[in-house]
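Heads up, the thing below is written out as structure tokens.
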Protein chains: 2
Amino acid sequence: MLKNQTIPKATVKRLPLYYRYLRILFDSGKQKVSSKELSEAVKVDSATIRRDFSYFGELGKRGYGYDVEKLLDFFAKTLNDDRLTNVALVGVGNLGNALLKYHFHQSNSIRISAAFDVREDIVGKIVDGIPVYPISDMEEQIRIQQIDIAILTVPADKGQENAEKLVAAGIKGIMNFTPARLTVSSDILVQNVDLTNELQTLIYFLNHYKKEQTGE
Amino acid sequence: MLKNQTIPKATVKRLPLYYRYLRILFDSGKQKVSSKELSEAVKVDSATIRRDFSYFGELGKRGYGYDVEKLLDFFAKTLNDDRLTNVALVGVGNLGNALLKYHFHQSNSIRISAAFDVREDIVGKIVDGIPVYPISDMEEQIRIQQIDIAILTVPADKGQENAEKLVAAGIKGIMNFTPARLTVSSDILVQNVDLTNELQTLIYFLNHYKKEQTGE
DNA sequence: CTTTCTTGTGACCATTTTTTCAATTTCACA
DNA sequence: TGTGAAATTGAAAAAATGGTCACAAGAAAG
């Protein structure tokens, strides 16, 4: 047992995956699950799964497996999915619009509760139940709604300035869809999601690696 | 010099990042660049950059740095960005629609050249210059247009079946936006992009790691 | 009570990052 | 042109991180 350590990043990135499949199992009425079965569903080696789980303590029972409900509850708490997390979105363009309609909340306790944009034709509107505010309201709304995560979907050349506004407004984590690499104070977490990069990487693997797995 | 080896995955994932910034430098007229300068722009340690580059040979000059144009040309070739790559998109919903309008082609030689969906109200239409075909045309179009990469943006419960159709049609790589973990033959490359996972991971880091970087 | 199943983990292996520094080049200036 | 200081790469070595094997230990099932 390896409790009280910090969980490896690689492990953390797999937790939502486990969590999602556990919910499916629970909803289908299953009571127990083995690392082998989980492995086939989420495509992660069973030893890796057991190792991942072991960072959190002895969650399973030898010769039996893991109790689905117990594990599900545990991960819900671990992933903060037992309470609502409000998220802001900045930049209601093509991608921003799609994300507003993405319904994270359908299966998780995450919801976009405020959107921001500069365009006059969209500010003041309500998109899929989410109000779109002008950038000037950012600080106020983020404070009132106690939001500390933002999704950044503005054009590349507006990425840095909007990131700075978000940080000034008190945001602690940014999911950055712009190709710009943001410069922010080191206590702000930035998660880059760069679709072009992902495609280019896939193309490279396809042309050079042939017959292998690329992972995430 | 470490030529003729396969390039580490971690390195490949950073190549598009370098490539993008080199293009910016080139467009601004810069002739040379050092790993240190590059490091600040792309937020990757300069030693890591030098190591990454060294897998491809001795691209730089000691005491000088790297020649921007030479490096840019080299990466364009390496990333296959010197010729057009056609990509298919399956599932013209919210996200699919946004991706159709994403204009990968603006700054790279990647373009979505065919979309597929089941909905009658959209099949036959042209979205942002891209024709939307019925699923039944998939095999034909993918063959004719010699497409070997597809973006999968269908609902979660349609992910597996559409992946199978894509594979049957001859696709070699799939960028999977559904939360489903696809089961495909091992010579098919799958790149998973799970937005909910990314958000949940960010939330976890925010609550547990405080003041650290999460990287990609 | 024996067989089967399955976890948790030590030991090992692989990959990735970082440190360090010799080798090389540039540059300023005499 | 010659010389020393500053800049910068490339790579060896070390450190950190992540993944897998293999098996003892415990639990379940017959």
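The chains referred to below are lettered A, B, ... by the order of the sequence lines, with proteins before strands, and numbering in each begins at 1.
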Measure the distance from CD1 on B:Ile49 to P on C:dT19 and round it to the nearest whole Å. 14 Å
Polar contact flag, side-chain donor to acceptor under 3.5 angstrom, A:Gln200-B:Asn108: yes
So, does A:Ser35 get its side chain near the phosphate of C:dT6, meaning an N or O under 4.0 Å from OP1 or OP2? no
By nearest-nucleotide position on DNA chain D, the 5'-leaning member of A:Thr11 and A:Arg50 is A:Thr11
Which atom pair, heavy atoms only, marks the closest approach of B:Asp117 to B:Gly93? OD2-N, 4.2 Å
Could you state the CG-P distance from A:Leu59 to C:dT7, rounded to the nearest angstrom? 11 Å
Is there a side-chain polar atom (N or O) of A:Tyr55 under 4.0 Å from OP1 or OP2 of D:dG18? no
With no angle test and no hydrogens, is the base of D:dT20 tied to the side chain of A:Arg51 by a donor-acceptor pair under 3.5 Å? yes
So which atom in A:Gln31 and which in A:Tyr64 form the shortest heavy-atom distance, rounded to 0.1 Å? O-OH, 4.5 Å
Return the value, rounded to whole Å, for the distance between atom CG of A:Leu38 and atom C1' of C:dT6. 13 Å
How many whole angstroms separate atom NZ of B:Lys36 from atom C1' of D:dA7? 9 Å
Starting at CZ of A:Arg14 and ending at P of D:dT17, how long is that distance when rounded to a whole Å? 15 Å
Contact summary for A:Ser113 and A:Ile147, nearest pair of heavy atoms: OG-CD1, 3.6 Å
Nucleotide by nucleotide, nucleotides 24-30 of chain C touches protein heavy atoms under 4.0 Å in the pattern (B base, S sugar-phosphate only, - none) BBS----
Under 3.5 Å, is there a donor-acceptor pair between the A:Thr178 and A:Lys158 side chains? no
Answer with yes or no whether the side chains of A:Tyr18 and A:Asp52 bring together a donor and an acceptor at under 3.5 Å. yes
Smallest heavy-atom separation, A:Ala41 atom then B:Arg181 atom, equals O-CB, 3.5 Å
Residue-level proximity of residues 21-31 of chain A to DNA chain C when a heavy atom falls under 4.0 Å: none
For A:Glu198 and B:Gln191 the tightest heavy-atom approach is OE1-NE2, 2.6 Å
Protein-nucleotide distance (B:Glu58, atom CD; C:dA23, atom P), rounded to Å: 14 Å
In whole Å, what is the span from the CG atom of A:Asp52 to the P atom of D:dT17? 16 Å
Going by an N to O cut-off under 4.0 Å, is there a salt bridge joining A:Glu37 and A:Lys30? yes
Would you mind classifying the nucleic acid contact of B:Phe53 as base, sugar-phosphate or nothing, using non-hydrogen atoms under 4.0 angstrom? nothing
Going by atom types alone, do B:Tyr102 and A:Asn94 pair a side-chain donor with an acceptor below 3.5 Å? no
B:Phe56 has an atom CZ; how far is it from atom P of D:dT9, in whole Å? 17 Å
Parallel, tilted or perpendicular: which describes the rings of B:Phe75 and B:Phe53, with under 30° parallel and over 60° perpendicular? tilted
We want to know whether B:Tyr19 and B:Asp81 form a side-chain donor-acceptor pair, criterion being a heavy-atom distance below 3.5 angstrom. yes
Close approaches to DNA chain C from residues 39-48 of chain B, in residue order (heavy atom, under 4.0 Å): B:Asp45, B:Ala47, B:Thr48
